[in-house]
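Structure, as structure tokens:
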Amino acid sequence: MMASPRLETFCCPNRDASTEFVITFQPLFFSAICIGSAGLSLVFSILQLLPKRRGYRRLGQYPLPKPASSSRILFIISICDILGCTGIIVRSSIWLGLPSLVRGINVANNSDVWPEVFCVGSAMWIQLFFSASFWWTFCYAVDVFLVVKRSAGISTIILYHMITWGLAVLLCVEGVAMLYYPSISSCENGLQHAIPHYITTYAPLLLVLIVNPTLFARTVSAVTSLLKGRQGIYTENERRLGTEIKIRFFKIMLVFFICWLPNIINESLLFYLEMQTDIKAGDLKNVRNAALITWFIMGILNPMSGFLNTLAFHGWTGFKVDCSLQRRRELAWDSASTSAANVGGYNPIVGSTLLYQSHVQEAKNMTGKNMTGNGQPASDAISVLSEGSESSTIEIHISTEHRDYEEIDADGESLGSSARH
């Protein structure tokens, strides 16, 4: 079972013919596929988010300057995907393990309400968290655009919480209430009755598919202008950083299109079948086959979106989980000085420092010039966008850190010379 409004429609005993067609086609095999896909996604998503030992990039290992709301949004998206996968695993497991409970859903005016309660509750759980993931993905595109154009500080995350969770809960409850009117056991028939439910389900999905590419494109354009303004020229370093940010946005949208476009195709096919007088007609065979194929593709790709999102956000972070609390506290302090010793592992500190070494002197000499419109350092804004990429984890931010280290060293040298005199 995956993130489809057909899950809620299935809870109606008098469900439409197209929903009955896909839900009842090899239900045990389909549930097994969903469990396998959701289980893999759940395990690897959690593995991606766990702290890693030195030599691997770790989520939160390198403190980002404000505004860090974009990094928090990526983490929340992953949490929503994990919770959605958990709902898919529970629902599909019950489908496999308790077939009598599933059969109780098909009985109209059944005195036992638990089959319907489980059906509706599990479907709403899955829809709520995947819908929230869509809204958070949209907020991420808005946030990175605001970071570059103006600023979207930590306080903005509160507004995002209100928007995403408020809209997700509101649309989920409203859609389900319209679908199950006047009651679950006697849902109304007809497309007009189900359309509001499908609109509330697919509205955030379509919003991300249509609006996010535009916002990402404008953000990349703004980053390019911002980088050119640093020295008045567009060097290879700036071009490489702009390319890294563009690739990261492309990977995010690519994962989204691959995982969720089959839902729109499948829903279009099922609506077409639903408008026919007889969906079992011979001339509709190809449409039925296409609907079943996209239905099983959804069962695989919808749950896998969680893991694929973490790959798009952070890349592969490795298997070496760091379970030491003390070491985690020390990482933020000594990573810059000890990461150079890791020859065999991935070393973002050294690589990014060498790649963007030319920005260190620039950051010292142009502190007044490298500001966004509201007085925020441009390096701080860009570092949020590039956090998590393989070759530009903290690139611009490193120049700011090196500037601080040089100032500390200079103060230390002046104090030493004063003491000698």
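Please read these numbers as outputs of a predicted model, since none were measured by experiment. These values consider heavy atoms only, across backbone and side chains, with no hydrogens, waters or symmetry-generated copies.
Although no hydrogens or angles enter the test, the distance criterion places no donor-acceptor pair under 3.5 Å between the side chain of Ser31 and the main chain of Leu28. Distance alone, capped at 3.5 Å, places no donor-acceptor pair between the Glu274 side chain and the Ala17 backbone. Side-chain atoms of Trp95 never come within 3.5 Å of backbone atoms of Ala32 as a donor-acceptor pair (strictly under, hydrogens ignored). Without hydrogens or angle criteria, Ser37 side chain to Ile33 main chain gives no donor-acceptor distance under 3.5 Å. Using a distance-only test at 3.5 Å, with no hydrogens or angles considered, no donor-acceptor pair links the side chain of Lys320 to the main chain of Gly318. Counting only distance, with no hydrogens or angles, the side chain of Ser225 and the backbone of Ser221 share a donor-acceptor pair below 3.5 Å. Here the side chain of Ser131 pairs no donor or acceptor atom with the backbone of Leu128 at under 3.5 angstrom.
Under the 30°/60° scheme for interplanar angles, the aromatic rings of Phe44 and Trp316 are found to be tilted. By the 30° and 60° cut-offs, the orientation of the rings of Tyr140 relative to Phe313 is tilted.
For the pair Leu292 and Phe21, the minimum side-chain heavy-atom distance is below 4.5 Å. Counting heavy atoms from C-beta outward, Leu49 and Ile82 have side chains that approach closer than 4.5 Å. A 4.5 Å side-chain heavy-atom check between Leu206 and Ile264 finds at least one atom pair inside the cut-off. Considering only heavy atoms from C-beta on, Trp135 stays 4.5 Å or farther from Val208 through its side chain. Contact of the Gln127 side chain with the His197 side chain is registered, since non-hydrogen atoms from C-beta on lie closer than 4.5 Å. Taking the side chain as every heavy atom from C-beta outward, Val255 and Cys259 approach each other to under 4.5 Å. Counting heavy atoms from C-beta on, the side chains of Val176 and Tyr180 come closer than 4.5 Å. Considering only heavy atoms from C-beta on, Phe250 stays 4.5 Å or farther from Phe216 through its side chain.
Applying the side chain to side chain donor-acceptor pair (under 3.5 Å) definition to pairs two or more places apart or across chains, those involving residues 78-89 are Asp81-Ser133, Asp81-Asn309.
A salt bridge does not link Glu8 to Arg91: none of the charged side-chain nitrogens sits closer than 4.0 Å to a carboxylate oxygen.
The side chain to side chain contact (heavy atoms under 4.5 Å, CB included) test with Ile73 singles out one residue from Thr164, Asp143, Val144, and that residue is Asp143.
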Please report the C-alpha distance between Glu116 and Cys11 in whole Å, then the side-chain angles of each, then the deciding distance to 0.1 Å, and finally whether the side-chain contact (heavy atoms from CB on, under 4.5 Å) criterion is met.
CA-CA 6 Å; Glu116 295 174 348; Cys11 301; 6.0 Å; no
List the steps, then state whether side-chain contact (heavy atoms from CB on, under 4.5 Å) holds for Leu215 with Phe138.
CA-CA 9 Å; Leu215 288 174; Phe138 171 71; 4.3 Å; yes
Quick one: do Phe130 and Ser305 satisfy side-chain contact (heavy atoms from CB on, under 4.5 Å)? Show the steps, please.
CA-CA 10 Å; Phe130 279 114; Ser305 63; 3.9 Å; yes
If you apply the rule side-chain contact (heavy atoms from CB on, under 4.5 Å), what do you find for Ile76 with Tyr160, and how did you get there?
CA-CA 11 Å; Ile76 294 172; Tyr160 293 150; over 6 Å; no
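Trp136 has its ring centre less than 6.0 Å from the ring centre of His161. Ring to ring, Trp295 and Phe30 are close: their centroids are under 6.0 angstrom apart. Taking the six-membered ring wherever Trp is involved, the centroid distance between the rings of Phe134 and Trp260 falls below 6.0 Å.
Taking both residues in full, the closest heavy atoms of Phe129 and Leu83 are given as CE2-CD1, 3.2 Å, listed atom of the first, atom of the second, then distance. Shortest non-hydrogen contact noted between Ser45 and Phe307 is OG-N, 3.1 Å. Contact between Ala291 and Leu270 at its shortest, heavy atoms only, is CB-CD2, 3.9 Å. Here the closest heavy-atom approach between residue Ile35 and residue Ser92 is recorded as CG1-CB, 3.4 Å. Taking every heavy atom of both residues into account, Val223 and Val148 meet most closely at CG2-CG2, 3.7 Å. Nearest approach of Gly84 to Ile126, heavy atoms of both residues: O-CG1, 4.2 Å.
In this structure, the separation between CD1 on Ile163 and CD1 on Ile158 is 12.0 Å, given to the nearest 0.5 Å. Taking OG1 of Thr294 as the reference point, atom CG of Leu261 lies at 10.5 Å (rounded to 0.5 Å). Annotation: the span from Thr201 atom OG1 to Leu7 atom CG amounts to 9.5 Å, rounded to 0.5 Å. A distance of 14.5 Å separates CG of Leu170 from CH2 of Trp165, quoted to the nearest 0.5 Å.
In the model, Thr200 has no side-chain atom that pairs as donor or acceptor with a side-chain atom of Glu174 under 3.5 Å. Inspection of the Ser18 and Tyr272 side chains reveals no N or O donor paired with an N or O acceptor under 3.5 Å.
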Show me the donor-acceptor pairs within less than 3.5 Å that the side chains of residues 283-290 make with the rest of the protein, sequence neighbours left out.
| residue | atom | partner | partner atom | Å |
| --- | --- | --- | --- | --- |
| Arg288 | NH1 | Ile279 | O | 2.7 |
| Arg288 | NH1 | Ala281 | O | 2.7 |
| Asn289 | ND2 | Lys285 | O | 3.4 |

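Geometrically, Arg6 does not engage Tyr202 in a cation-pi contact, judged by NZ or CZ lying under 6.0 Å from the ring centre and within 45° of the ring axis.
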